[in-house]
Structure formats: C-alpha cells, structure tokens
Amino acid sequence: MTAPHAKPAGAPSRHVIPALSFEVTGAEPERHAAVPTLRFDVEITRTGGGPVRSVSLTTAIRIDVTRRHYDQRTRAALAELFGEPERWATTLRPLAWTRTTVVVPPFDGTTTVGLTVPCPCDAELAVTKYLRAVPGGEVPLDFLFSGTVFFDGGQGRLRTAQISWAEDAGYRLPAALWHTLVDRYSGGSPWLRLSRETHDRLDAYRTRWTLGTLDDAVGALLDRADGLRAPSPAAPATPDIPRTPETTGAPWTT
C-alpha cells in the first residue's frame with residue numbers, strides 16, 4: 001500500500017499510516033453453506049506504520065486464463081468462450097469471478113481473514129463454463145485488493161487511508177477442489193435451465209417414447225442427432241410433440 005502523505009518530522013511511529021501486504025495462503029470448502037462456497041484464507045501483514053484499528057477490505061477475484069496449459073479436449077470445450085485456439089493469442093482475457101468485501105478487526109503484526117466465495121452452478125455463466133471445462137490441474141487466480149484502512153491519528157482521532165489497487169496476490173486453486181465441491185451439492189447432476197415451453201415439450205417427448213426420466217429423453221435426442229440410435233419402428237421417426245403456449249418462468253431440471 002502506498003501512503004498518501006509522507007510522515008511528518010518527529011511524528012510518533014504509532015500514528016504513521018500502516019503499510020500492508022497480502023498473501024492468499026489456502027482454500028477449502030465452507031462448511032454448512034447453503035450453496036457451494038469456497039473459503040480463501042488471506043494473510044495480512046503490517047509491513048510499516050502503526051497498528052491497524054480495522055480494515056474495510058474489498059477483493060476482486062479473477063481467473064488469469066493465460067497462466068496455464070490446455071490440452072486439445074479442453075481447448076475444444078473453451079472454444080465457446082475464447083474462439084478457436086488459433087486466435088487465443090488475442091482472445092484470451094482474464095475472467096472476472098466475484099467481488100467481495102469483509103471487515104478486518106484490529107491487529108498489529110499479522111492477521112488472517114477468510115473470504116467466502118460462492119461457486120455458482122449456472123452453466124450459462126462464463127466462470128462456470130470455464131471451470132467445468134478444466135477438470136484437473138490448477139486454476140490461476142488473481143486477488144486484487146482495495147478498501148480503507150482505519151488507524152490511530154493521535155489525540156484520540158481516527159484516521160483513514162486508501163489501499164492502492166496495486167496491492168494484489170496470486171493463488172493456484174486445484175481444479176478438483178471446485179469440481180468436488182459443486183458435485184457434492186448437485187449429486188453429480190448439473191442443473192439445466194429450460195423455458196416452460198421447452199420443458200413441457202421435452203416431457204411430452206419422454207412420455208410418448210416411454211422413457212423413464214428427462215435425462216433419458218435428452219440422451220435419446222442427442223443419440224438420434226448423432227445417428228447412434230435408429231428410431232423405433234413402432235413409433236414415427238419424428239413424433240408430434242404438442243406445443244404449449246409460451247409462459248414466463250424457467251423450471252430447473254437435471
């Protein structure tokens with residue numbers, strides 16, 4: 001952190017603006033969270049100035065997608081996000097994950113604060129698409145810190161200083177940790193958002209073809225599209241699927 005003002009001559013050291021450094025030391029699933037959530041431990045060290053009364057710490061987390069290798073299968077899965085691999089030299093850009101704020105209590109030398117980060121399962125989000133496409137290895141993360149430091153200004157006064165955006169830290173998150181956490185909540189069945197009309201048409205298809213679940217219906221449609229399964233001779237090749245009036249709402253199914 002860069003102090004906005006120089007230390008006045010003869011000022012007591014306890015009144016000097018604190019200088020802080022940051023390091024992400026670990027990550028683990030947040031227990032008993034209602035949704036998949038990771039907890040990142042951030043170690044904050046006072047490298048200069050006086051004791052800290054508190055910190056309103058804002059952290060922006062992004063994925064630096066350029067800092068890892070991708071095999072051929074992963075490149076194909078990421079084509080929707082970044083285009084064809086031949087263009088990645090110009091199309092690869094960091095993905096914003098989240099932004100969170102936490103209040104750090106008073107400390108003098110070093111303290112550790114936990115940042116809780118929800119892990120959305122919505123397959124339409126770019127971050128989710130990326131993390132699902134990366135089954136192994138590590139995910140390179142950037143933590144960008146900002147916020148306000150509160151400290152003793154002397155004579156009982158509370159003073160503040162801003163944390164510079166130049167303060168950051170990197171962390172390599174094991175991809176398996178994210179997959180294990182999300183699968184624990186979803187039971188290995190990612191959620192798929194459908195419009196009401198599409199959901200009803202799919203269910204009508206399932207009933208007409210005597211399929212057990214909606215998952216079976218989607219699998220059958222994909223197999224037929226790929227030419228892996230011939231239509232049943234007892235049923236028309238393209239069954240009539242009744243259309244229902246378009247309605248609002250998007251039911252979730254697996």
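Position 1 is the first residue of the sequence; numbering continues from there. From a predicted model like this one, the values you see are computed outputs, not experimental measurements.
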[X] vs [Y] side-chain heavy atoms within contact, under 4.5 Å:
{"X": "Phe151", "Y": "Val52", "result": "no"}
{"X": "Asp168", "Y": "Asp142", "result": "no"}
{"X": "Val65", "Y": "Pro94", "result": "no"}
{"X": "Arg62", "Y": "Trp97", "result": "no"}
{"X": "Arg68", "Y": "Arg172", "result": "yes"}
{"X": "Leu221", "Y": "Tyr205", "result": "yes"}
{"X": "Val182", "Y": "Thr128", "result": "no"}
{"X": "Ile44", "Y": "Glu23", "result": "no"}

Is there a path from [X] to [Y] through hydrophobic residues (I, L, V, M, F, W, Y) whose side chains come within less than 4.5 Å of each other?
{"X": "Val102", "Y": "Phe143", "value": "yes"}
{"X": "Val103", "Y": "Val149", "value": "no"}
{"X": "Leu81", "Y": "Val134", "value": "yes"}
{"X": "Leu181", "Y": "Leu177", "value": "yes"}
{"X": "Leu125", "Y": "Leu78", "value": "no"}

Backbone N or O of [Y] within a donor-acceptor pair of the [X] side chain at under 3.5 Å?
{"X": "Asp216", "Y": "Thr213", "result": "yes"}
{"X": "Arg93", "Y": "Thr90", "result": "yes"}
{"X": "Arg206", "Y": "Ala217", "result": "no"}
{"X": "Trp178", "Y": "Leu131", "result": "no"}
{"X": "Thr45", "Y": "Thr47", "result": "no"}

Quiz item: Step by step, would you call Asp183 with Thr180 a side-chain hydrogen bond (donor to acceptor under 3.5 Å, both in side chains)?
Solution: CA-CA 5 Å; Asp183 287 346; Thr180 301; over 6 Å; no
Exercise. Using a strict 4.0 Å threshold on nitrogen-to-oxygen distance, state whether Arg224 and Asp226 make a salt bridge.
Key: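 Judged by the 4.0 Å cut-off on N to carboxylate O distance, Arg224 and Asp226 do not form a salt bridge.
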Quiz item: Going by atom types only, do Thr116 and Thr37 share a side-chain donor-acceptor pair under 3.5 Å?
Solution: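 Looking only at side-chain atoms, Thr37 and Thr116 do not form any donor-acceptor pair under 3.5 Å.
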Quiz item: Side chains of Asp71 and Thr74: do they bring a donor and an acceptor to under 3.5 Å?
Solution: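 Checked: Asp71/Thr74 side chains pair up, N/O donor to acceptor below 3.5 Å.
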Do you know the tightest heavy-atom contact between [X] and [Y]?
{"X": "Pro135", "Y": "His179", "answer": "CA-NE2, 3.6 Å"}
{"X": "Ala175", "Y": "Gly136", "answer": "CB-O, 3.6 Å"}
{"X": "Ala77", "Y": "Ala133", "answer": "CB-CB, 3.7 Å"}
{"X": "Ala27", "Y": "Tyr171", "answer": "N-OH, 3.3 Å"}
{"X": "Ala96", "Y": "Val127", "answer": "O-CG2, 3.2 Å"}

Practice problem: Could you please spell out the steps behind the side chain to side chain contact (heavy atoms under 4.5 Å, CB included) verdict for Ile63 and Val139? | Solution: CA-CA 7 Å; Ile63 302 175; Val139 178; 3.7 Å; yes
Practice problem: Applying side chain to side chain contact (heavy atoms under 4.5 Å, CB included), run through Phe82 and Leu95 and close with a yes or a no. | Solution: CA-CA 11 Å; Phe82 307 117; Leu95 292 177; 4.1 Å; yes
Mind checking the [atom1]-[atom2] spacing from [X] to [Y]? Nearest 0.5 Å is all I need.
{"X": "Leu38", "Y": "Leu173", "atom1": "CG", "atom2": "CG", "result": "6.0 Å"}
{"X": "Leu144", "Y": "Ser164", "atom1": "CG", "atom2": "OG", "result": "11.0 Å"}
{"X": "Leu141", "Y": "Asp64", "atom1": "CG", "atom2": "CG", "result": "9.5 Å"}
{"X": "Arg53", "Y": "Arg159", "atom1": "CZ", "atom2": "CZ", "result": "13.0 Å"}
{"X": "Arg67", "Y": "Leu92", "atom1": "CZ", "atom2": "CG", "result": "13.0 Å"}
{"X": "Glu30", "Y": "Cys119", "atom1": "CD", "atom2": "SG", "result": "11.0 Å"}

Practice problem: Could you label the plane-to-plane angle of the Phe22 and Phe145 rings as parallel, tilted or perpendicular, counting under 30° as parallel and over 60° as perpendicular? | Solution: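 Parallel.
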Quiz item: Between Val113 and Glu43, is a side chain to side chain contact (heavy atoms under 4.5 Å, CB included) present by the stated rule, with each step listed?
Solution: CA-CA 7 Å; Val113 64; Glu43 184 176 274; over 6 Å; no
Quiz prompt | Option passing side-chain hydrogen bond (donor to acceptor under 3.5 Å, both in side chains) with Arg46 (candidates Asp108, Thr111, Thr110) | solution =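 When side-chain hydrogen bond (donor to acceptor under 3.5 Å, both in side chains) is applied between Arg46 and each of Asp108, Thr111, Thr110, only Asp108 qualifies.
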Quiz prompt | Working for side chain to side chain contact (heavy atoms under 4.5 Å, CB included), residues Thr148 and Gln162 | solution = CA-CA 5 Å; Thr148 305; Gln162 298 300 307; 3.2 Å; yes
